Amino acid sequence: MCNTEIEAKLRYYFLFLLLSLPFSLSFGEGWGEAVIAPELLNMDSRRLAYADEAILKSIENKEIPGAVLAVVHKGKLAYLKAYGNKQTYPSPIPMDVNTVFDMASVSKSMSTAISAMILIERGQLRMADPVVDFIPNFEDWKSEEDNYTVAIRVGDLLTHTSGLPPYAPVKELEEKYGAPNPDGMIEYISTCKRDFRPKTKFQYSCLNYITLQRIIETISGKNLSAFAKENIFDILGMTHTGYQPTGETLERVAPTEKQEDGSVLRGVVHDPLARVMNGGISGNAGVFSDAKDLAILAATLLNNGTYNGKRILSPLGVKTMRTVPRGLEEFGRTPGWDIYSPYASNSGDLFGPNTYGHTGFTGTSFILDPDNDTAVILLINSVHPSGTGNVVRLRSLVANAVAASINCPPERIYFQHYYNRVELFKTEAPISGKDIVFLGNSLTEGGKWSELLGKKNIRNRGVAGDVAMGVYDRLDQILPGRPKKIFFLIGANDISHDLTVDSIVNAITQVVDRIQQESPKTKLYLQSLLPINESFGRYKRMTGKTNMIPEINKRLETVAKERKIPFINLYPLFTKPETNILREELTGDGLHLNEEGYKIWVKALKPYI
């Protein structure tokens with residue numbers, strides 16, 4: 001390879017990194033509805049597709065009804081996808097990315113523990129404080145031999161080292177105290193048998209976090225729902241997160257378990273203690289949320305407690321929450337989260353040693369890797385409808401696939417023609433506000449647009465072999481001139497590189513968004529992908545991909561509608577009747593157009609020129 005070729009490749013790879021930098025590191029305005037193409041964040045969407053395969057296989061095996069997966073990387077939402085159904089009983093309802101889930105025990109981390117840490121930061125609470133300071137009749141651990149006592153402290157509750165039993169007999173409590181009865185619940189916890197001396201063992205216990213709830217409520221003078229809403233969810237703009245969902249949020253909720261009367265729990269917490277004794281607002285369970293809201297929380301924690309200019313925790317508060325306290329290293333639990341206890345398998349095998357997270361009995365999982373600036377949010381209502389779903393292995397499989405996609409930058413190695421052509425553009429007159437730019441790959445490059453359309457101000461910026469992110473890389477040659485119009489078509493080479501539909505559409509969307517942001521007065525036209533004809537056998541990497549194209553086009557039409565730009569649907573003009581196949585008479589190789597093909601294309605474009 002000659003030096004000039006190496007230099008060219010290095011130059012464009014450096015340009016890619018430079019252009020990607022603002023998207024990877026900026027954190028100013030949040031993402032709203034936007035999902036950043038994984039490739040823009042040095043992630044490989046082809047590797048992320050293995051997570052899709054694992055989830056779809058679990059659905060096929062009837063282990064789960066459906067799922068939503070969200071991945072946050074470098075402060076951006078890099079992946080958001082729904083699978084299967086959110087309801088299978090009494091009738092199927094497809095899953096969507098806006099589905100709200102019963103977070104079950106993830107509530108302990110995202111609500112109760114963070115609320116406790118907020119009070120610690122405000123100087124109103126210490127992890128060393130005895131529980132009895134806030135709940136007067138709360139009994140400490142007492143030795144059976146000599147009545148020696150050891151105080152149970154706030155930190156013991158947060159790390160599940162208090163010695164409190166794992167759970168409580170719901171029916172007995174309901175019979176004794178009536179329901180709901182939070183005071184009766186606390187009375188039981190205050191006097192029930194302690195299983196071991198504090199800090200000597202780890203025992204996961206819902207009672208720890210119900211006790212924390214009472215402490216938070218005693219200090220703040222508000223119930224846990226109101227406190228978390230005011231100090232966490234509302235500040236971050238988590239609009240569909242909270243206890244006891246109502247209105248639009250309730251309409252989005254995925255049902256959980258079928259009840260004896262044939263109904264299913266929907267919008268009512270699944271956990272019996274939270275539902276029966278605490279009336280839906282409970283320290284151990286009860287929060288409902290969706291993937292986008294949880295992605296905001298994940299980004300906040302990965303960004304040292306702040307998101308979109310709003311702060312809920314200090315950097316040291318976040319660090320404390322993800323650090324195992326001294327003396328408790330053997331247990332692997334932090335104040336509110338799990339790093340390496342036996343319950344931490346949802347972190348998988350590849351994420352860093354400081355990865356922390358939590359799971360929920362309903363099927364939810366939330367993990368964060370601060371070393372790799374990544375979070376994986378896997379939401380499943382696996383207890384629907386029969387309560388028998390199993391997600392332990394699936395969580396690990398998904399985590400591994402996501403981890404393996406990190407720091408795998410997309411290849412940007414093109415044929416020499418690509419680099420020669422980009423260099424040629426630099427020798428031409430700069431793009432101006434009077435120009436009409438045709439932007440794309442070899443299909444665009446092959447068109448004699450100025451001649452065919454009778455316009456001298458048409459500039460052909462098609463490059464054979466280009467992909468969506470390659471176009472993104474070279475927009476700096478185009479957008480500073482603020483061209484009058486841009487006609488944009490890309491995607492065939494992305495398909496040949498085995499990218500997923502999601503990744504291709506996301507990448508094209510990034511190009512569209514950058515054009516609109518940097519040259520807002522440019523009239524942008526998004527063109528559909530053209531069909532292919534596999535019978536020619538010329539392009540082996542397009543084998544079996546004919547039917548991907550209409551799916552991509554359908555998604556691109558939605559993108560165009562959302563961005564309020566014209567969508568020029570060329571696709572049906574080139575297909576055989578009632579098929580998705582490119583007409584033989586319009587191509588010589590099954591992909592590129594001949595003269596007759598370009599005449600059809602030109603005729604379709606003339607109304608827009």
Side-chain angles (χ1 to χ4, degrees), residues 100-119 124-125 131 134-135 138 154 157-158 164 167-168 170 173-174 177-190 205-236 238-257 265-290 293-294 297 312 336 358 360-362 364 366 381 383:
V100 172
F101 290 79
D102 179 344
M103 296 304 298
S105 284
V106 180
S107 306
K108 292 180 173 74
S109 299
M110 64 181 291
S111 176
T112 312
I114 293 178
S115 295
M117 185 56 64
I118 289 171
L119 294 177
Q124 297 176 284
L125 182 65
V131 175
F134 307 97
I135 304 175
F138 187 89
V154 169
L157 303 176
L158 283 163
L164 289 178
Y167 212 67
V170 179
L173 296 183
E174 186 177 12
Y177 298 108
N181 193 331
D183 290 336
M185 182 78 251
I186 289 298
E187 182 179 320
Y188 170 83
I189 294 173
S190 296
S205 169
C206 286
L207 305 191
N208 286 323
Y209 278 74
I210 294 174
T211 306
L212 280 168
Q213 173 191 359
R214 177 54 62 98
I215 294 172
I216 293 164
E217 292 175 342
T218 299
I219 294 172
S220 68
K222 301 175 181 179
N223 70 25
L224 179 60
S225 175
F227 185 87
K229 183 177 188 301
E230 178 183 335
N231 294 281
I232 307 170
F233 309 142
D234 283 356
I235 290 175
L236 297 178
M238 298 171 65
T239 55
H240 295 289
T241 300
Y243 299 82
Q244 299 174 315
T246 59
E248 181 187 354
T249 300
L250 177 58
E251 293 175 6
R252 296 183 177 190
V253 171
T256 54
E257 194 167 354
L265 294 175
R266 182 173 173 273
V268 178
V269 60
H270 179 269
D271 178 82
L273 278 180
R275 182 176 73 251
V276 177
M277 293 307 298
N278 276 353
I281 302 173
S282 193
N284 69 313
V287 174
F288 288 78
S289 189
D290 65 11
D293 278 4
L294 290 164
L297 180 61
I312 60 167
H358 213 287
F361 183 81
T362 51
T364 53
F366 189 79
N381 56 332
V383 294

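All values reported here derive from a predicted model rather than from experimental measurement.
- By the side-chain hydrogen bond (donor to acceptor under 3.5 Å, both in side chains) test, Asn381 is found to be paired with no residue, residues two or more places apart in sequence or in another chain being considered.
- A search for side chain to side chain contact (heavy atoms under 4.5 Å, CB included) contacts involving Ala179 returns Glu174, Val276, Met277, not counting sequence neighbours.
- For Glu217, the side chain to side chain contact (heavy atoms under 4.5 Å, CB included) partners two or more places apart in sequence, or in a different chain, are Gln213, Arg214, Asn223, Leu224.
- Within the 3.5 Å criterion, the main-chain N or O of Gly286 finds no donor-acceptor partner in the side chain of Arg275.
- Closest approach of Val106 to Gly360, counting heavy atoms only: CG2-N, 3.7 Å.
- Distance OG/Ser220 to CG/Leu125: 11.0 Å, rounded to 0.5 Å.
- The two residues Ile216 and Ala116 come nearest to each other via the heavy atoms CD1-N, 3.8 Å.
- In this structure, the side-chain hydrogen bond (donor to acceptor under 3.5 Å, both in side chains) partners of Ser289, at least two apart in sequence or on a different chain, are Thr241.
- With rounding to the nearest 0.5 Å, the separation of CG in Asp293 from CZ in Phe288 is 14.0 Å.
- The CE atom of Met103 lies 9.5 Å from the CG atom of Asp290; values are rounded to the nearest 0.5 Å.
- What you find for Lys108 and Ser205 is that their closest heavy atoms are CE-O, 4.2 Å.
- Every side-chain hydrogen bond (donor to acceptor under 3.5 Å, both in side chains) that Arg252 has, sequence neighbours left out, goes to His240, Glu248.
- Residue Tyr177 comes nearest to Glu187 through the heavy atom pair OH-OE2, 3.3 Å, listed as atom of the first residue, atom of the second, then distance.
- The shortest side-chain heavy-atom distance between Leu297 and Ile312 falls under the 4.5 Å cut-off.
- With contacts defined as side-chain heavy-atom distances shorter than 4.5 Å, the pair Thr112/Ser107 does not qualify.
- Checked against ring-ring contact (aromatic ring centres under 6.0 Å, His included), Phe366 has the following partners two or more places apart in sequence or in another chain: Trp337.
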What's the verdict on side-chain contact (heavy atoms from CB on, under 4.5 Å) for Ile118 and Phe227, showing C-alpha distance, side-chain angles and the deciding distance?
CA-CA 10 Å; Ile118 289 171; Phe227 185 87; 4.0 Å; yes
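- Remark: Tyr188 OH is packed, more than 12 non-hydrogen atoms of other residues, nucleotides or ligands lying under 6.0 Å away.
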From CA spacing to verdict: side-chain contact (heavy atoms from CB on, under 4.5 Å), Gln244, Val269:
CA-CA 8 Å; Gln244 299 174 315; Val269 60; over 6 Å; no
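- Summarising the geometry of His358 relative to Gly336, their closest heavy-atom pair is CD2-O, 3.8 Å, with the distance given to 0.1 Å.
- Rounded to the nearest 0.5 Å, atoms CG (Asp271) and OG1 (Thr256) are 11.0 Å apart.
- A distance of 10.0 Å separates CD1 of Ile281 from OG of Ser111, quoted to the nearest 0.5 Å.
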Report the C-alpha distance between Leu158 and Asn208 in whole Å, list the side-chain angles of each, state the deciding distance to 0.1 Å, and finish with yes or no for side-chain contact (heavy atoms from CB on, under 4.5 Å).
CA-CA 7 Å; Leu158 283 163; Asn208 286 323; over 6 Å; no
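- Here the closest heavy-atom approach between residue Ser190 and residue Ile135 is recorded as OG-CG2, 3.6 Å.
- Qualifying ring-ring contact (aromatic ring centres under 6.0 Å, His included) partners for Tyr209, counting only residues two or more places apart in sequence or in other chains: His160.
- Applying the salt bridge (charged side-chain N to carboxylate O under 4.0 Å, His left out) rule to Glu230 yields the partners Lys222; only residues at least two apart in sequence or on another chain are considered.
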Step by step, work out the side-chain contact (heavy atoms from CB on, under 4.5 Å) result for Leu273 and Tyr167.
CA-CA 8 Å; Leu273 278 180; Tyr167 212 67; 3.5 Å; yes
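- Evaluation of the side chain to side chain contact (heavy atoms under 4.5 Å, CB included) rule for Gln124 yields Leu119, Arg122, Ile219 as partners, not counting sequence neighbours.
- Here the side chain of Asp102 pairs a donor or acceptor atom with the backbone of His270 at under 3.5 angstrom.
- Here Leu207 contributes atom CG and Ile186 contributes atom CD1; the two are 9.0 Å apart, rounded to the nearest 0.5 Å.
- Residues that satisfy the ring-ring contact (aromatic ring centres under 6.0 Å, His included) test with Phe138, not counting sequence neighbours, are absent from this structure.
- Ser282 meets the side-chain hydrogen bond (donor to acceptor under 3.5 Å, both in side chains) test with Asn278, Asn284; sequence neighbours excluded.
- Using a 4.5 Å cut-off on side-chain heavy atoms (C-beta onward), Phe101 and Thr362 make no contact.
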